[in-house]
Amino acid sequence: MADLLTHVLAGFIIASIGSWRYDWITVPFVAVTMVGAILPDLNRIGLIVPAATIETALAIPFSWTPLHRAGGTLVVIALGTLLVHKQYRKVVFAMLLVGATSHYLLDFVLYKPAGVSGPLLWPFFTDGLAIEGFYRSSNRWPAVVATATAFGIWWVDRTWLGGLRAETEPEFES
Amino acid sequence: MLKRHLPRLVAIGCCVILLGGLFVLGGADWPQNPEAGPGVDIEEPTITPESNPGAFVDTSGIVVSTNPVVIEIETADGGTTYLELANAPNVETGQHVDVTGTLTEDGTLDVSRERAVVREPWEIAYMYLISVVGALLVVGIGVDRWRLDLQRLSVEPRARPLHEAYTDRTGGKTDG
């Protein structure tokens, strides 16, 4: 994974640019995109509750890794969508999906010594993709580039485009 | 009220069960180990390097010895295993390395040196620290723009951002 700040800012950048084309992408849904961008990293819950502990306690095979795979992320997106009122579900689903997709796109181009990504599309596709990545998760420059770009987008939006709209769109009301 | 929300609660329950099922399938390596990389999975406790000569390995670990270079690898069951590297890059004890290579008959990994990545311990610490910043940013903007509506049992966008309501109460608005 790239560092979490880079993922979050990538979500902000994509949603902000999207808002220039689609009026319904207002600030709350930019926030949703940023949440979507970190959903795959929910697998870090394993640092607090190791999978081995659950395996021992329940005596069943267990792994948190599916949270960082396409199948698990889709289910988490569905869960997140069901938590909001139905008038917002379509757009929340879309923006969570956009955020999560940006996460995987960034992770696919991480440098791996073997030149093969992890099987991020599990369980739909169980092999990694042969991609020669170009950055490491511990590199400092992705966060610097993402921060500078996010500030640039925010400045352009605020200065020339009047800033992101804060209210939600009535067209999503049931 | 519960009856009104029943279909949604059932759907949420189905998603939770489905997610739990994926955790179990992932643990059972079905249809395949979701962490599987190319070659032999040296992080699997049942795999020993000596028994897989010629196998390709893609792994990472912390350097615990430099002459010869030996790395400590965390295994899938939370334990540790050790792997000796041949043709290793220049490393120091405590550094983190990502390597690929081929296992030899004595269980040493003949490393593809030019593709190896060496990281200082502080680089790993940086990764976690900056990630905490990212997580706090998301939590902050999420709470600022969304709220829990107990009447509708759902999460809703706020009519006004939380920070604006706070600055109004404390007189911050008059500053502008």
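Proteins come first, then strands; the chains are lettered A, B, ... in the order of their sequence lines, and each starts at number 1.
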Side chain from CB out, backbone as N, CA, C, O: work out which of these in A51(A) comes under 4.5 Å of a heavy atom of chain B, or both, or neither. neither
Below 4.5 Å, heavy-atom pairs only: which of V132(B), V117(B), V133(B) has the largest tally toward chain A? V117(B)
Any non-hydrogen side-chain atom of L82(A) less than 4.5 Å from a side-chain atom of C15(B)? yes
Relative to chain A, which of G20(B), S60(B), A28(B), A116(B) shows the most heavy atom pairs under 4.5 Å? A28(B)
With a sphere of 6.0 Å drawn around CZ of F124(A), does it hold more than 12 non-hydrogen atoms of other residues, nucleotides or ligands? yes
Salt bridge present between D98(B) and R136(A) (N-O < 4.0 angstrom): yes
Quick one: are E35(B) and S63(A) in side-chain contact, heavy atoms under 4.5 Å? yes
How about L19(B) and L67(A): do any of their side-chain heavy atoms sit closer than 4.5 Å? yes
With the side chain counted from C-beta on, respond yes when R8(B) and R89(A) share a heavy-atom pair under 4.5 Å apart, and no when they do not. yes
Student check: side-chain heavy atoms of V116(A) and D58(B) closer than 4.5 Å: no
Under 4.0 Å between a side-chain nitrogen and a carboxylate oxygen: does that hold for E132(A) and R115(B)? yes
Pick from E114(B), E123(B), E120(B): which one has the most heavy-atom pairs with chain A under 4.5 Å? E123(B)
4.5 Å side-chain heavy-atom contact, I141(B) and F12(A): no
Given side chains that start at C-beta, do those of I130(B) and R140(A) come closer than 4.5 Å, heavy atoms only? no
Listed by residue number, which members of residues 80-92 of chain B have a heavy atom under 4.5 Å from any heavy atom of chain A? none
Between P34(B) and chain A, with a heavy-atom cut-off of 4.5 Å, which part of the residue counts as in contact: side chain, backbone, both or neither? both
Using the test ring-ring contact (aromatic ring centres under 6.0 Å, His included), find all partners of F23(B) that sit at least two apart in sequence or belong to another chain. F62(A), W64(A)
Taking W146(B) for the side chain and P28(A) for the main chain, is one N or O donor matched with an acceptor at less than 3.5 Å? yes
